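It should be emphasised that the depicted structure is a prediction, and the values quoted were computed from it without experimental measurement. Counting convention: from 1, in listed order, for ligands and their atoms alike.
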Amino acid sequence: MADCIFCRIIAGEIPSNKVYENEYVYAFRDINPQAPVHILVIPKEHIASVGEITPENSVLAAKCMEAVAEIARQENLEGGFRVISNCGKDAGQTVPHLHFHILAGKSMGEKLL
Ligand code: DGP
């Protein structure tokens, strides 16, 4: 989508700090990190959010999860990491292109909020 920031990052029109890439997935460091390690994993095909995952496109969500595991190995996140996907207004989603935040590098405790 021409007006999607993350589609433009995938296309190389907006610079990003790439962490990982394969045929289906692109991953890069968040511009506004909220943990010492903060990586965004996105499908190369535009899907607006988790709420738009269907039987036809769910393989791309699975590819994102495979990439999360690969990135965790690559970035040596043996201490653990958190994966978050904000979906819609109440969750604070600001970019309407499916993305999974990988947060790591500090102890986050047991509570999610
Ligand atoms: P969310 O609130 O879940 O929609 O998170 C969107 C994230 O995307 C937010 O943490 C900041 C990040 N972000 C937005 N624009 C850019 C950008 O142009 N480059 C990078 N690297 N990250 C961005």
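- Ring planes of His101 and His38: tilted class, angle from 30 to 60°.
- Taking a 6.0 Å sphere around OH of Tyr20, one finds it holds more than 12 heavy atoms contributed by other residues, nucleotides or ligands.
- A heavy-atom cutoff of 4.0 Å around ligand 1 is satisfied by the protein residues Ile5, Phe6, Ile9, Phe28, Arg29, Asp30, Ile31, Leu40, Asn86, Gly92, Gln93, Thr94, Val95, His99, His101.
- Using a cut-off of 4.0 Å between Lys/Arg side-chain N and Asp/Glu carboxylate O, Lys44 and Glu21 are scored as salt-bridged.
- You'll find the side chain of Leu98 reaches within 4.5 Å of the side chain of Ile53, heavy atoms only.
- Proximity of a side-chain donor or acceptor of His46 to a complementary backbone N or O of Pro96 within less than 3.5 Å is detected.
- In this structure, the separation between CG on Asn57 and CD on Glu52 is 8.5 Å, given to the nearest 0.5 Å.
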